[in-house]
Amino acid sequence: MELRTIESRGHAGQLAHRRGSQRGVTLFGLMFWAILIGVVSLIGLKVLPTLNEYFTIKRAVEKIATSGASTVPEIRTAFDRQTDVEYSIVSITSKDLMITKVNDKVVISFAYNKEIELVAPVYLLLKYEGRSR
């Protein structure tokens with residue numbers, strides 16, 4: 001019987017020693033990571049629609065540049081038609097397009113700023129620019 005008591009005490013001592021060496025996430029650490037993930041998610045959710053709009057504008061400009069439109073009014077009219085179809089293009093109009101010719105090829109470029117309100121007095125400024133190939 002004594003032998004069993006000594007063994008059980010030894011086992012309890014090992015468990016106490018293991019408990020002391022265990023490591024985990026503290027409440028402060030958990031709150032820090034939750035806040036960090038929340039802020040990154042907030043920024044991501046606010047930025048993704050502007051990225052979608054940028055890629056939509058870029059696709060529209062590429063389509064117009066390869067369509068064969070050669071004069072400035074034709075290109076602007078084609079872009080206006082694209083904005084009627086693509087409801088997500090709201091940051092620029094056809095007047096904001098810079099249309100040039102390089103080696104007898106029409107090059108359409110654009111640039112615009114997008115301001116996103118994160119929290120009341122804090123804004124994020126994104127600058128987008130692109131051009132047709």
Side-chain angles (χ1 to χ4, degrees):
M1 196 84 169
E2 275 185 48
L3 187 59
R4 240 185 196 168
T5 313
I6 294 172
E7 284 180 17
S8 65
R9 282 186 194 158
H11 184 64
Q14 286 178 349
L15 285 177
H17 178 66
R18 283 186 189 160
R19 240 185 258 131
S21 67
Q22 286 182 349
R23 305 195 81 198
V25 178
T26 63
L27 182 60
F28 178 74
L30 183 65
M31 287 174 47
F32 171 78
W33 284 110
I35 290 170
L36 184 68
I37 290 170
V39 168
V40 169
S41 298
L42 173 74
I43 292 172
L45 289 173
K46 298 261 184 167
V47 168
L48 281 176
T50 66
L51 280 172
N52 183 37
E53 180 185 22
Y54 168 75
F55 288 121
T56 303
I57 293 169
K58 187 138 173 81
R59 271 194 312 271
V61 165
E62 288 290 335
K63 183 177 177 183
I64 294 166
T66 58
S67 71
S70 59
T71 66
V72 173
E74 286 177 356
I75 293 170
R76 292 192 193 285
T77 303
F79 187 79
D80 285 335
R81 273 189 258 127
Q82 280 296 118
T83 56
D84 289 342
V85 173
E86 295 290 343
Y87 63 90
S88 63
I89 301 176
V90 293
S91 295
I92 66 171
T93 64
S94 61
K95 295 175 185 172
D96 299 321
L97 299 176
M98 294 161 276
I99 304 162
T100 58
K101 274 197 172 185
V102 177
N103 297 332
D104 293 332
K105 185 177 178 186
V106 174
V107 176
I108 305 169
S109 56
F110 60 92
Y112 64 96
N113 296 336
K114 192 72 172 183
E115 210 173 75
I116 301 170
E117 181 181 359
L118 296 178
V119 181
V122 179
Y123 287 85
L124 178 66
L125 176 65
L126 301 171
K127 295 184 176 194
Y128 291 110
E129 60 182 38
R131 62 185 294 237
S132 64
R133 293 183 223 165

Answer with yes or no whether the hydrophobic clustering places [X] together with [Y]; edges join I, L, V, M, F, W, Y residues whose side-chain heavy atoms lie under 4.5 Å apart.
X: Val107; Y: Met98; result: no
X: Ile43; Y: Val122; result: yes
X: Ile57; Y: Leu48; result: yes
X: Leu30; Y: Val39; result: no
X: Tyr123; Y: Leu125; result: no

From [X] [atom1] over to [Y] [atom2], what is the distance, rounded to the nearest 0.5 angstrom?
X: Ile99; Y: Ile75; atom1: CD1; atom2: CD1; result: 4.5 Å
X: Phe110; Y: Glu129; atom1: CZ; atom2: CD; result: 9.0 Å
X: Glu115; Y: Leu124; atom1: CD; atom2: CG; result: 9.5 Å
X: Leu97; Y: Ile64; atom1: CG; atom2: CD1; result: 7.0 Å
X: Asp80; Y: Thr93; atom1: CG; atom2: OG1; result: 7.5 Å

Which Ile, Leu, Val, Met, Phe, Trp or Tyr residues join Leu45 in one cluster when any pair of side-chain heavy atoms under 4.5 Å counts as a link?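 Besides Leu45, the hydrophobic cluster comprises nothing; the residue is isolated.
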Should side-chain heavy atoms under 4.5 Å link Ile, Leu, Val, Met, Phe, Trp and Tyr, which residues sit in the same cluster as Trp33?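 In the cluster with Trp33 are Phe32, Leu36.
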Search all heavy atoms of [X] against all heavy atoms of [Y] and return the closest pair with its distance.
X: Leu42; Y: Leu118; result: CD2-O, 4.2 Å
X: Lys114; Y: Thr50; result: CG-CG2, 3.6 Å
X: Lys95; Y: Arg76; result: CA-NH1, 3.5 Å
X: Phe79; Y: Ala60; result: CE1-CB, 4.4 Å

Without swapping roles, check the side chain of [X] against the backbone of [Y] for a donor-acceptor pair under 3.5 Å.
X: Lys46; Y: Glu117; value: yes
X: Glu62; Y: Arg133; value: yes
X: Ser132; Y: Ile108; value: yes

Presence of salt bridge, Glu86 and Arg59, under 4.0 angstrom: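 Salt bridge between Arg59 and Glu86, a charged N being under 4.0 Å from a carboxylate O: no.
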Answer with yes or no whether the side chains of Glu53 and Ser91 bring together a donor and an acceptor at under 3.5 Å.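 Per modelled atom types, Ser91 and Glu53 side chains form a pair under 3.5 Å.
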Please verify the inter-ring angle class for Tyr112 with Tyr128; under 30° counts as parallel, over 60° as perpendicular, anything in between as tilted.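 Geometry flag for Tyr128 against Tyr112: tilted rings.
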Looking at side-chain heavy atoms only, is the closest gap between Leu126 and Asn113 below 4.5 Å?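 No; the side chains remain at least 4.5 Å from each other.
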Residue pair Arg81, Val85: steps toward the side-chain contact (heavy atoms from CB on, under 4.5 Å) verdict: CA-CA 7 Å; Arg81 273 189 258 127; Val85 173; 5.8 Å; no
